[in-house]
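For reference, the structure is listed below as structure tokens.
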Amino acid sequence: MKRALFMAAALLGTSLSLASPALAKTAYDGVWVFDDTPPTPGVTMMEVTSRGGRIEGKVTTKWYGPVEMINPRVENGELKFEARNLNDKEHLTRPWSVALEDGQAHLKGRIWETDVDSKGRRGKAAEAKARAFQFAALPPLGAPIPSPLAATPPMGWSSWNKFAEHIDDKTVRAMADAMVSSGLRDAGYLYVNIDDGWQGKRDANGVLQPNAKFPDMKALTDYVHSKGLKIGIYSSQGPRTCAGFEGSYGHVKTDARTFADWGFDYLKYDLCSGEWFYDDADTVKRSYYEMGAALQATGREFIFSLCEYGRFDVGSWGRDVGGQLWRTTGDITDDYPTMAKIGFDKNGKPEWAGPHGWNDPDMLEVGNGGMSPDEYRTHMTLWAMSAAPLMMGHDLRETDAATLAMLTNRRVIAVDQDAKGVQGKAVRKVGSMEVWAKPLANGQVALALFNRGDTAASLALTPADAALATVSQVENLWTGAKSSRLPSSYTVPPRGAVMLTLK
Ligand code: GLA
């Protein structure tokens, strides 16, 4: 009889526990393995168990590890549940479902920006073991990591805004060449940073290898160094980076060592799928500390760029984890509304910024073509007034004369790079106009006048805007014009800016 029951259960695709009073398990019980599901979020397995009518289960993914089933239940023959979502406060969970189709489990759901629609087959215990997610323990915080670097905001170029993951060795070398030949290096731009998309797979020892587009990382860093430049790389504390490449989860020390051995000088560390594991101030901070300490232990000097979109008051602890810059916002895009929203309103608390630690409102879009010259002037003026890192994000080979003049304006760069390291801020708002002030090391004050409206507007500036009693010299930083007093008013084009220093 027992045997007959088992046979029937096996035919139904179920298993039975005779010890339990509620004999029937669901048809979903057991291990289901997913062989060729899309890489994002990389579903590898689903496990379901039920006992006495109570169902438990999880879906294992490469990005997020095990995703627990919340409130799993069988409705109309389908297994339904909710799963935690991330990065979306309006949808803290999302509905998922599983249907049995021709002996396969058809799993549907959504997590972050990815739809899941995959079929799994029944698997064996050994397969489940092989696919089990390996959790990494997060070490506790240690003493603050001191940094002698970035006395002024880092300057350079990063691949992401223009090339996204379509970046390769040849293009990075070409950017280094262009940085020198255009004069950008001599204007202060130093770092050539590879963002997401360089990663391949780990070797048998867990050492991350570059993908085929980066045949020899050491040769590449040597090349960039030979140009008098420095070079940066990118990773995430999650299992996967934002673009879905291999992250440093579980391999933090090895990766820091690898980046040092290759000769990198800068690491951007992007939370990405790490958000799933580290989702409060304590764990996020510790996850950055883990890498900060690992970089320090290599003995090589690294600029450590924290990319966690401004969460958890990062500016109040960014320095402690070894960071010299920390993002204050989500990603910039090459349009005025996004740039203005970030630059005016999401550029971080000024009290956090200063020598060796900078609010980072994201990389520059100047030169990418999505904004007018006045809008780019506002972009550059805002970043300089904010003492923001100046990371160019366009194809340096295609820098036209006006863009080059904007990016290499020594007077504007000097305000950004001023040794006092004060982040400027708005001191007066009148209609569509904003007046910003930034005190400088030499006692002068940088003033900017922004017109956030869609029509030209005029405003008079006064010495009081710069907290000065009198003014003996006014230098217009974009035009180079000098005079001994403020004019009766400035007329600023729509979405444009005027930038001055006052003595
Ligand atoms: C995130 C970061 C970006 C960029 C991409 C790469 O979106 O905020 O700056 O690094 O990841 O995938």
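Remember, it's 1-based here, ligands and their atoms both numbered in the order they're listed.
Among all non-hydrogen protein atoms, the one lying nearest atom 12 (O) of ligand 1 is Asp196 OD2, 2.7 Å. Annotation: atom 3 (C) of ligand 1 to nearest protein heavy atom, Asp331 OD2, 3.5 Å. Annotation: atom 2 (C) of ligand 1 to nearest protein heavy atom, Asp270 OD2, 3.0 Å.
Residue contacts with ligand 1: Arg327 is placed with a nitrogen or oxygen under 3.5 Å of a nitrogen or oxygen of the ligand (distance criterion only). Considering both main-chain and side-chain atoms, Trp160 never comes within under 3.5 Å of ligand 1 through any nitrogen or oxygen pair.
Contact analysis leaves Glu165 out of contact with ligand 1, as no non-hydrogen atom separation drops below 4.0 angstrom. Residue-ligand proximity: Thr241 is placed with every non-hydrogen atom at 4.0 Å or more from ligand 1.
Near Cys307, meaning under 4.0 Å from one of its heavy atoms, ligand 1 places the atoms 2 (C), 8 (O). Near Tyr309, meaning under 4.0 Å from one of its heavy atoms, ligand 1 places the atoms 8 (O). Close approach of ligand 1 to Lys268 is summarised as follows: ligand atoms under 4.0 Å from at least one heavy atom of the residue are 3 (C), 4 (C), 9 (O), 10 (O). Of all atoms in ligand 1, numbered sequentially from 1 with element shown, those under 4.0 Å from a heavy atom of Ala243 are 12 (O). Every atom of ligand 1 with a heavy atom of Asp195 under 4.0 Å away is listed here by number and element: 4 (C), 6 (C), 10 (O).
Side-chain contact check for Gln423 and Ser386: no donor-acceptor pair (N or O, by modelled atom type) lies under 3.5 Å. Using modelled atom types, one finds no donor on one side chain facing an acceptor on the other under 3.5 Å when comparing Trp198 with Asn211. Under the 3.5 Å distance criterion, with hydrogens and angles disregarded, no donor-acceptor pair is assigned to the side chains of Asn359 and Thr328.
Arg327 has no carboxylate O lying under 4.0 Å from a charged side-chain N of Asp270, or vice versa, which leaves the two without a salt bridge.
Here the shortest heavy-atom pairing between Thr381 and Ala448 reads CG2-CB, 3.8 Å.
Contacts with ligand 1 closer than 4.0 Å are made by no heavy atom of Ala164, backbone or side chain.
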Stepwise side-chain hydrogen bond (donor to acceptor under 3.5 Å, both in side chains) check, Asn85 with Thr93 | CA-CA 5 Å; Asn85 196 30; Thr93 63; over 6 Å; no
Using the ring-ring contact (aromatic ring centres under 6.0 Å, His included) rule, take Phe133 and Phe277 through it: C-alpha gap first, then chi angles, then the decisive distance, then the call.
-> CA-CA 12 Å; Phe133 187 78; Phe277 305 87; 5.6 Å; yes
Could you walk me through whether Asp255 and Ser248 pass the side-chain hydrogen bond (donor to acceptor under 3.5 Å, both in side chains) test, one step at a time?
-> CA-CA 7 Å; Asp255 287 359; Ser248 292; 2.7 Å; yes
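One finds the CD atom of Gln417 at 12.5 Å from the CG atom of Leu440 (value rounded to the nearest 0.5 Å).
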